[in-house]
Amino acid sequence: MSKNVLVLAESKDGELRNVSFEVIAAGKKIAGEGSVKALLVGENVASFSEQLIQQGADEVLVAEHSDLKTYTTDAYKQVLLQVIESESPDALLIPHTSSGKDLAPRLAAKLSSGLVSDVVDIEEVGEEVIFTRPIYSGKAFEKKSVSSGLVFATVRPNNIAALEVDSSRSGETKEVSVDLKDLRTVIKDIVKKTSGKVDLAEAKVIVAGGRGVKSADGFKPLEELADILGGAVGASRGACDAEYCDYSLQIGQTGKVVTPELYIAVGISGAIQHLAGMSNSKVIVAINKDEEAPIFDVADYGLVGDLFDILPILTEEFKKVKA
Ligand code: FAD
């Protein structure tokens, strides 16, 4: 079986996002004897090409333009449609990030293709590509098979492992000329709401606070722990509603869906709407003073007690391990 797969690589703040390597690995699963081409879109992004090849891309296509510096629906859609037309891929994989979620359905509509979104696993059985995706807020998984037409999916970050870096790999990098017409959106400035060092969607470790944290200041010990672990701070809607933190940190049904390797839920009761955003995390640790809190039902490790006593102890212990 042989498929030519096109994957969209994403960069942010001058770095490739990890999910770019994960979509390459996902592409490899279905390419067989075919190739995986990674598409870089942006301004001054060609320098990422080598990294993508070392992580498994067979070829890198680079679409650079000053109007592509920041994602806009208009411009990126035009680039993708042009590249799809010239490359005629059998399969297209896009990161299931904020921009990927915006872009993919528009492309599918333009291409009159199907789209399997939020994929967490991929396997190839004969001519069929079988995608696994969570349903019912992560309580169950469904398998979708695609056996004809363009195989098109968005891939959830942190689920399909990136390939090992192989610095001996080589591959071609090709510039793609872009023709952008009638752009309706111009990004003049970006005002960041949070100063989070680690992107919540891609974080390997998340320390999330709930209403039990009690105030904006109460988030400080969570930030310290997240810093030591190289992770990001998240929150329940309870904490956001109480104005302890910004809504951009909200995890759950109406917030972000995350799948880190370690999720530490601090002072969060574990309402179903919160679980919808984090219950697929690999290891869940819950800290709560109420031993009956539902968060303990999904936790791998539970600490019953006052978060303000427990967090400083944990942080000190992790500091010792890191020293
Ligand atoms: P609480 O339920 O008030 O829990 C606070 C917890 O902190 C308690 O378990 C308490 O025992 C513990 N605690 C208190 N003090 C301490 C202490 N000193 N030490 C240790 N533990 C302590 N919620 C989300 O999170 N994300 C969503 O996306 C979301 N979407 C929603 C969508 C809809 C349509 C609806 C109706 C609700 C949604 N909610 C969402 C809200 C959800 O139902 C809960 O109200 C919310 O998750 C509760 O937040 P919490 O756990 O922080 O607060």
Side-chain angles (χ1 to χ4, degrees), residues 96-98 101-102 117-118 120 133-140 156-159 193-194 196 198-203 205-226 228-229 231-260 262-318:
H96 193 76
T97 52
S98 312
K101 282 187 265 185
D102 179 64
S117 73
D118 203 10
V120 295
R133 62 187 297 276
I135 51 171
Y136 304 125
S137 301
K139 281 198 244 15
R156 186 189 278 201
N158 274 347
N159 279 271
K193 271 188 156 181
T194 56
V198 184
D199 187 337
L200 201 50
E202 285 199 315
V205 177
I206 294 176
V207 183
R211 213 171 347 231
V213 166
K214 291 192 175 66
S215 66
D217 270 355
F219 264 88
K220 286 201 176 121
L222 281 78
E223 282 157 16
E224 277 174 39
L225 180 58
I228 286 286
L229 298 172
V233 171
S236 70
R237 179 154 141 190
C240 300
D241 284 347
E243 298 183 2
Y244 302 162
C245 60
D246 192 86
Y247 278 102
S248 60
L249 300 189
Q250 185 184 320
I251 290 164
Q253 188 182 314
T254 44
K256 294 197 168 81
V257 175
V258 295
T259 31
L262 174 62
Y263 189 90
I264 307 180
V266 184
I268 294 178
S269 59
I272 191 91
Q273 296 89 352
H274 186 76
L275 302 186
M278 46 61 75
S279 60
N280 290 320
S281 305
K282 297 201 177 65
V283 175
I284 299 172
V285 176
I287 303 173
N288 199 303
K289 67 179 184 183
D290 172 12
E291 64 180 40
E292 302 286 329
I295 191 74
F296 289 123
D297 296 340
V298 296
D300 299 285
Y301 300 94
L303 297 169
V304 179
D306 192 310
L307 68 95
F308 296 103
D309 296 333
I310 294 171
L311 281 182
I313 298 170
L314 275 183
T315 305
E316 278 314 306
E317 289 303 316
F318 281 119

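Every number for a ligand or one of its atoms is a count from 1 in the order of the listing.
- Closest approach of H96 and P157 over heavy atoms only: O-CD, 3.6 Å.
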For a quick test of your reading: what N or O donor-acceptor pairs under 3.5 Å do the side chains of residues 233-241 make, sequence neighbours left out?
{"from": "S236", "atom 1": "OG", "to": "G238", "atom 2": "N", "distance (Å)": "3.2"}
{"from": "S236", "atom 1": "OG", "to": "A239", "atom 2": "N", "distance (Å)": "3.2"}
{"from": "R237", "atom 1": "NH1", "to": "T254", "atom 2": "OG1", "distance (Å)": "3.4"}
{"from": "D241", "atom 1": "OD1", "to": "Y247", "atom 2": "OH", "distance (Å)": "2.5"}

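- No donor-acceptor pair under 3.5 Å is formed between the side chain of D306 and the backbone N or O of K289.
- Atoms of ligand 1 lying under 4.0 Å from at least one heavy atom of Q250, given by number and element, are 26 (N), 27 (C), 28 (O), 29 (C).
- Here atom 9 (O) of ligand 1 lies nearest to N288 when heavy atoms of D290, N288, D306 are compared.
- Looking at A271 against ligand 1, only its side chain comes within 4.0 Å, counting heavy atoms.
- Side chain of K256 to backbone of S248: a donor-acceptor contact under 3.5 angstrom is found.
- For atom 34 (C) of ligand 1, the nearest protein heavy atom lies 4.0 Å away or farther.
- The atoms of ligand 1 that sit less than 4.0 Å from any heavy atom of Q253 are 27 (C), 28 (O).
- With distances taken over non-hydrogen atoms, the option nearest atom 5 (C) of ligand 1 out of G210, A276, G267 is G267.
- Ligand 1 has no N or O atom lying under 3.5 Å from any N or O atom of A293, backbone or side chain.
- Across A208, G238, G209, heavy-atom proximity to atom 46 (C) of ligand 1 is greatest for G238.
- What sits closest to atom 45 (O) of ligand 1 on the protein, heavy atoms only, is R211 NH2, 4.1 Å.
- At under 3.5 Å, not a single nitrogen or oxygen of A235, backbone or side chain, sits near a nitrogen or oxygen of ligand 1.
- For atom 21 (N) of ligand 1, the closest non-hydrogen atom on the protein side is K289 N, 3.1 Å.
- The closest donor-acceptor contact from the side chain of D300 to the backbone of I284 lies under 3.5 Å.
- With distances taken over non-hydrogen atoms, the option nearest atom 29 (C) of ligand 1 out of T254, I287, L275 is T254.
- For ligand 1, none of its N or O atoms has an N or O atom of A239 under 3.5 Å away.
- Regarding atom 41 (C) of ligand 1, its nearest protein heavy-atom neighbour is R237 CB, 4.2 Å.
- The proximity of V266 to ligand 1, defined as any non-hydrogen pair under 4.0 Å, does not occur for either the backbone or the side chain.
- When hydrogens are left out, the protein atom nearest atom 39 (N) of ligand 1 is Q273 CB, 3.5 Å; that is the closest non-hydrogen contact.
- The shortest contact between atom 13 (N) of ligand 1 and any protein heavy atom is with G212 CA, 3.7 Å.
- The shell of residues lying under 4.0 angstrom from ligand 1, judged by heavy atoms, includes G305.
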